[in-house]
**Student:** 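Below you will find the structure I want to go over with you.
Counting starts at 1 for both ligands and their atoms, following the listed order.
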Amino acid sequence: TGGRRCRRLEGETARAVLANVDTLLFDCDGVLWRGEAALSGAPAALGRLAAAGKRLCYVTNNSSRTRVAYTEKLRRLGFPPAEPRHVFGSAFCAARYLRQALPPGAAAYVLGGPALSAELEAAGIPHLGPGPAALPGPAPADWAQAPLEPAVRAVLVGFDEHFSYAKLCQALRYLLRGPDCLLVGTNRDNRLPLEGGSAIPGTGCLVKAVETAAEREAFIVGKPSRYIFDCVASEFDIDPARTIMVGDRLDTDILMGNTCGLTTLLTLTGVSTLEEVRGHQESDCPARQGLVPDYYVDSIADLLPALED
Ligand code: PLP
Ligand code: CA
């Protein structure tokens, strides 16, 4: 078929591709680490890339850490030093979006954790969570009497391990005030895989719940939305033709990279498999070509030989 090719990145091709690149965007979980453990060889590979003068940025859909927390995690796991401005987490990017989209003084109602609040704080966006006022009576119908904050002009949904029916009620009530109350989601990842084949529900489930209640679609900040790449391109001088997106998920990382005109590299250390890539290549559906990476490696440690002088 005439679909997009996907080749293993190795040998002379790897050297040539890396020589023609000045920026690499790394997805984090599944590419650099799994949970709290660095993937073997990943810190060394990034160390070599940094030593070769490449710009390294970190692009993650995980809204449960701040930019600063990611720089600390990178350091703790032995990666080359990163500054907060190199980190594009979906919490930071959501706060940036609201700063652009909301009128001055407008507030956000937030379903999310402390990192999301911290990034909103840093961006100067007033924000509130459910608060005790969300539960003024014993029955859900009473909750519709809870006071609403007049300044709220957006509902922001991120990873929230304390998501509840009461919060969903309150979010709906803000959104029912009208279309100028924005609905923003950090990302749509449906599941977060854990070791041993098990998984927990991702933020996409929570965004879907709010969208279903509100009967409207959220603006998504994280991959595969190009908004997260626009954040990178607004802070650095990025030439898409000289930029590689490295990720472990076809429907987020690779789709975003292809959409934005970047070279795309799939690592097989995370969610997606080569069988899925082959399935997309063989499909007659044109949209599925956007899910095919230009290259793949078993692990980013495989880039080490191409980075030796
Ligand atoms: N969202 C949450 C809450 C997560 O914990 C993770 C991974 O740990 C992700 C999203 C996916 O992150 P990434 O884009 O770095 O793979
Ligand atoms: Ca990932």
Side-chain angles (χ1 to χ4, degrees), residues 24-39 42 46 56-67 69-74 76-77 79 82 86-94 110-119 156-163 184-196 198-209 218 220-229 231-232 244-257 260 262 264-273 276-277 291 293 296-300:
L24 293 100
L25 309 182
F26 287 99
D27 166 58
C28 296
D29 200 68
V31 170
L32 305 180
W33 59 64
R34 271 200 220 114
E36 277 306 309
L39 285 164
L46 268 69
L56 311 182
C57 292
Y58 305 89
V59 179
T60 172
N61 274 0
N62 189 346
S63 62
S64 65
R65 281 178 203 264
T66 61
R67 282 186 136 178
Y70 281 111
T71 64
E72 286 160 3
K73 179 163 184 175
L74 286 162
R76 198 164 66 238
L77 297 187
F79 288 94
H86 292 117
V87 180
F88 297 85
S90 61
F92 165 78
C93 294
V110 184
L111 305 185
L116 202 50
S117 300
E119 293 291 20
L156 172 59
V157 188
F159 187 66
D160 185 358
E161 56 191 63
H162 302 293
F163 187 84
V184 178
T186 55
N187 64 301
R188 286 197 192 277
D189 294 46
N190 51 359
R191 285 184 199 162
L192 305 175
L194 304 177
E195 294 300 311
S198 125
I200 54 173
T203 305
C205 307
L206 313 183
V207 174
K208 268 277 176 10
I220 301 295
V221 163
K223 302 166 289 186
S225 167
R226 58 177 313 139
Y227 183 78
I228 198 160
F229 174 71
C231 292
V232 184
I244 297 190
M245 174 70 210
V246 188
D248 71 309
R249 261 186 96 130
L250 300 175
D251 62 346
T252 55
D253 308 315
I254 301 306
L255 181 56
M256 186 276 266
C260 298
L262 317 178
T264 48
L265 172 60
L266 176 73
T267 63
L268 298 174
T269 43
V271 171
S272 296
T273 64
E276 291 171 63
V277 173
L291 298 165
Y296 72 93
V297 284
D298 291 327
S299 151
I300 55 169

**Student:** Starting from atom 11 (C) of ligand 1, find the nearest protein heavy-atom neighbour and note its residue, name and distance.
**Tutor:** Asp189 OD2, 3.8 Å
**Student:** Under 4.0 Å from ligand 1, counting heavy atoms only, is it the side chain of Leu192, its backbone, both or neither?
**Tutor:** side chain
**Student:** Using a 4.0 Å cutoff against the non-hydrogen atoms of Cys28, which atoms of ligand 1 qualify?
**Tutor:**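 Answer, ordered by atom number: 15 (O).
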**Student:** Please find out if the Ca ion (ligand 2) and some N, O or S atom of Asp248 are separated by less than 3.0 Å.
**Tutor:** yes
**Student:** Mind checking whether Asp29 has an N or O less than 3.5 Å away from an N or O of ligand 1?
**Tutor:** yes
**Student:** Considering only heavy atoms of Lys223, which atoms of ligand 1 have at least one such atom less than 4.0 Å away?
**Tutor:** 14 (O)
**Student:** For atom 5 (O) of ligand 1, which protein heavy atom lies nearest, and how many Å away is it?
**Tutor:**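 That would be Asn62 ND2, 3.1 Å.
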**Student:** Where the side chain of Ser272 meets the backbone of Leu250, is there a donor-acceptor pair that is under 3.5 Å apart?
**Tutor:** yes
**Student:** Quick one: do Lys223 and Asp27 make a salt bridge, cutoff under 4.0 Å?
**Tutor:** yes
**Student:** Could you tell me which non-hydrogen atom of Pro293 sits nearest to which non-hydrogen atom of Leu266, and how far apart they are?
**Tutor:**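 Here Pro293 and Leu266 meet closest at CG-CB, 3.7 Å.
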**Student:** To check you understand the geometry: which heavy-atom pair defines the closest contact between Thr203 and Val157, and what is its length?
**Tutor:** CG2-O, 4.2 Å
**Student:** In terms of side-chain heavy atoms, does Thr60 have a donor or acceptor partner in Asn62 at a distance below 3.5 Å?
**Tutor:**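 No, Asn62 and Thr60 have no side-chain donor paired with an acceptor closer than 3.5 Å.
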**Student:** Tell me the angle that O of Asp29 and OD2 of Asp27 form around the Ca ion (ligand 2), rounded to 10°.
**Tutor:**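 Once rounded, the angle between the two atoms at the Ca ion (ligand 2) is 80°.
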**Student:** Quick one: closest heavy-atom pair of Leu77 and Ala37, and the distance?
**Tutor:**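 It is CD1-C, 4.4 Å.
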**Student:** Does Arg249 approach ligand 1 within less than 4.0 angstrom via side chain, backbone, both or neither, non-hydrogen atoms only?
**Tutor:** neither
**Student:** Among protein heavy atoms, which sits nearest to atom 16 (O) of ligand 1, and what does the distance come to when rounded to 0.1 Å?
**Tutor:** Asp27 OD1, 2.9 Å
**Student:** Just by distance, do the side chain of Asp248 and the backbone of Thr267 share a donor-acceptor pair under 3.5 Å?
**Tutor:** no
**Student:** For Asn61, is at least one N or O under 3.5 Å away from an N or O on ligand 1?
**Tutor:** yes
**Student:** Atom 12 (O) of ligand 1: which protein heavy atom is closest, and how many Å away?
**Tutor:**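 That would be Thr60 OG1, 3.5 Å.
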**Student:** Hey, is CZ on Arg76 packed in by over 12 heavy atoms from elsewhere, all under 6.0 Å?
**Tutor:**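 Yes - once you tally the heavy atoms of other residues, nucleotides and ligands closer than 6.0 Å, there are more than 12.
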